[in-house]
Amino acid sequence: MTHPLFDLRGQVALVTGAGSAGGIGFATATLLAELGCRVAVCATGPRIHDRARELAARGFEARGYQGDLTDTDATTTLVDAVLADFGRVDVLVNNAGMAQEGVPESFTGFLDLDLQDWRASLARNLDTCFLVTRLVLPGMLARGAGRIVNVSSVTGPVVSNPGESAYSAAKAGMVGMARALALEVADRGVTVNCVAPGWVATASQTPDESRASVHTPIGRAGTPAEMAAAIAFLAMPGASYITGEMLVVDGGNILQERKG
């Protein structure tokens, strides 16, 4: 029997950046559907429709939406379509970022990073979160209930790597934005939190990242499903007293000074 504190049945979830079959976004959408949510998934490329069909084939109510969430008009069109189809969004998971389909995240030293690439990384990793949230939030406030979970990263808020100044700035900005927004809406039934993954064995993980993950205390990379579990917890009714927080899911890696 489902406990009321862990019951998402009948909720509507919108998960951005869910196009990759092996990514955090699709793992999250799948878990939320298994927990009872009706699910809207979106991504930049057409493969998002394959993901929606996979969910529908399992008997879940799911629809896919394609659009560039760095573009204001495209984002408005996409969210309007979700609201027209589902009526509302109860759970928003801002997962879009890192790599758009066909546009991977670049790793460039600070002095070699031109303004266009800097702005593109901020748009991909931070603007997407801002644009979708500001369109979904009014409905949550009107209903007096909602969960917003941003997929940030340990990179930026707590650690970083050479060549990742833009990505780090965006992911740290996502956490800062979440904290400020959490304070604005705390007394109106909406929580805003971040999950900060460490090394995760997604389809886009590089060989270097895979090697680095062996040196975590747990001795391996995390899985998309493990990230999804943390996100789903913050979406639960039982997480109603948690807001403005960043939940690190990294196998204990930031605890250790020596990393092999």
Side-chain angles (χ1 to χ4, degrees), residues 11-19 24-25 28-29 32 37 39-44 48 65-98 100 119 121-153 156-157 167 169-197 227-228 230-236 239-240 242-247:
Q11 302 265 317
V12 176
L14 169 57
V15 183
T16 71
I24 294 171
T28 300
L32 292 175
C37 286
V39 177
V41 290
C42 67
T44 307
I48 193 62
Y65 303 82
Q66 183 180 346
D68 181 358
L69 298 182
T70 67
D71 180 88
T72 303
D73 291 339
T75 305
T76 300
T77 299
L78 189 150
V79 174
D80 283 348
V82 172
L83 295 175
D85 290 338
F86 288 92
R88 66 185 194 278
V89 172
D90 303 297
V91 177
L92 170 61
V93 180
N94 285 305
N95 175 68
M98 185 64 183
Q100 282 183 333
R119 286 176 172 167
S121 184
L122 292 182
R124 190 160 53 245
N125 293 292
L126 183 55
D127 288 1
T128 50
C129 177
F130 167 74
L131 292 173
V132 177
T133 300
R134 71 173 184 169
L135 292 169
V136 172
L137 182 60
M140 291 181 173
L141 295 176
R143 290 185 301 277
R147 295 282 183 272
I148 299 170
V149 185
N150 301 331
V151 181
S152 178
S153 176
Y167 179 79
K171 289 301 188 179
M174 180 184 283
V175 175
M177 183 176 71
R179 288 171 176 159
L181 179 57
L183 292 174
E184 293 182 24
V185 301
D187 62 348
R188 301 178 69 181
V190 178
T191 65
V192 188
N193 291 290
C194 293
V195 168
M227 306 306 122
I231 294 165
F233 165 68
L234 291 172
M236 292 289 175
S240 57
I242 302 171
T243 196
E245 292 298 323
M246 182 182 72
L247 175 58

Q: Strictly distance-based, threshold 3.5 Å: is any side-chain N or O of N193 a donor or acceptor partner for the main-chain N or O of I242?
A: yes
Q: Can you give me the closest heavy-atom contact between Y167 and S121, atom names plus distance?
A: N-OG, 3.6 Å
Q: Distance check, rounded to the nearest 0.5 Å: R134 atom CZ versus L181 atom CG?
A: 13.0 Å
Q: Taking all non-hydrogen atoms of both residues, which atom of N150 and which atom of A178 are closest, and how far apart?
A: ND2-CB, 3.6 Å
Q: Nearest 0.5 Å, what's the CG-CG distance between D73 and L131?
A: 10.0 Å
Q: With a 3.5 Å cut-off and sequence neighbours excluded, list the donor-acceptor pairs that the side chains of residues 135-143 form with protein atoms.
A:
{"from": "R143", "atom 1": "NH1", "to": "G139", "atom 2": "O", "distance (Å)": "3.1"}
{"from": "R143", "atom 1": "NH2", "to": "V89", "atom 2": "O", "distance (Å)": "2.8"}

Q: Which pair of heavy atoms, one from L126 and one from A170, lies closest together, and at what distance?
A: CD1-O, 3.8 Å
Q: Any chance you could measure Q66, atom CD, to T77, atom OG1, to the nearest 0.5 Å?
A: 13.0 Å
Q: Identify the heavy atoms of C129 and N94 that sit nearest to each other, and give their distance.
A: SG-ND2, 3.6 Å
Q: Do any N or O atoms from the side chain of R124 and from the backbone of T70 form a donor-acceptor pair under 3.5 angstrom?
A: no
Q: Are N95 and I231 packed together at the side-chain level, in the sense that at least one heavy-atom pair is separated by less than 4.5 angstrom?
A: no
Q: For residues 182-196, which residue pairs pass the salt bridge (Lys or Arg N to Asp or Glu O under 4.0 Å) check, not counting sequence neighbours?
A: none
Q: Kindly give the heavy-atom pair with the smallest separation between V190 and A145, and that separation in Å.
A: CG2-C, 4.0 Å
Q: Could I get the full list of side chain to side chain contact (heavy atoms under 4.5 Å, CB included) partners for S152, not counting sequence neighbours?
A: P157, K171, M174, V175, C194
Q: Quick check: closest heavy atoms across A239 and T191, and the distance to 0.1 Å?
A: O-CG2, 4.4 Å
Q: Under a 4.5 Å cut-off applied to non-hydrogen side-chain atoms, are L69 and L78 in contact?
A: yes
Q: Test side chain to side chain contact (heavy atoms under 4.5 Å, CB included) on D90 and R88 and set out the steps.
A: CA-CA 6 Å; D90 303 297; R88 66 185 194 278; 2.9 Å; yes
Q: Out of V132, V93, V39, which one pairs with L14 under the side chain to side chain contact (heavy atoms under 4.5 Å, CB included) rule?
A: V132
Q: Got T16 and T128 here, is their nearest side-chain heavy-atom distance under 4.5 Å?
A: no
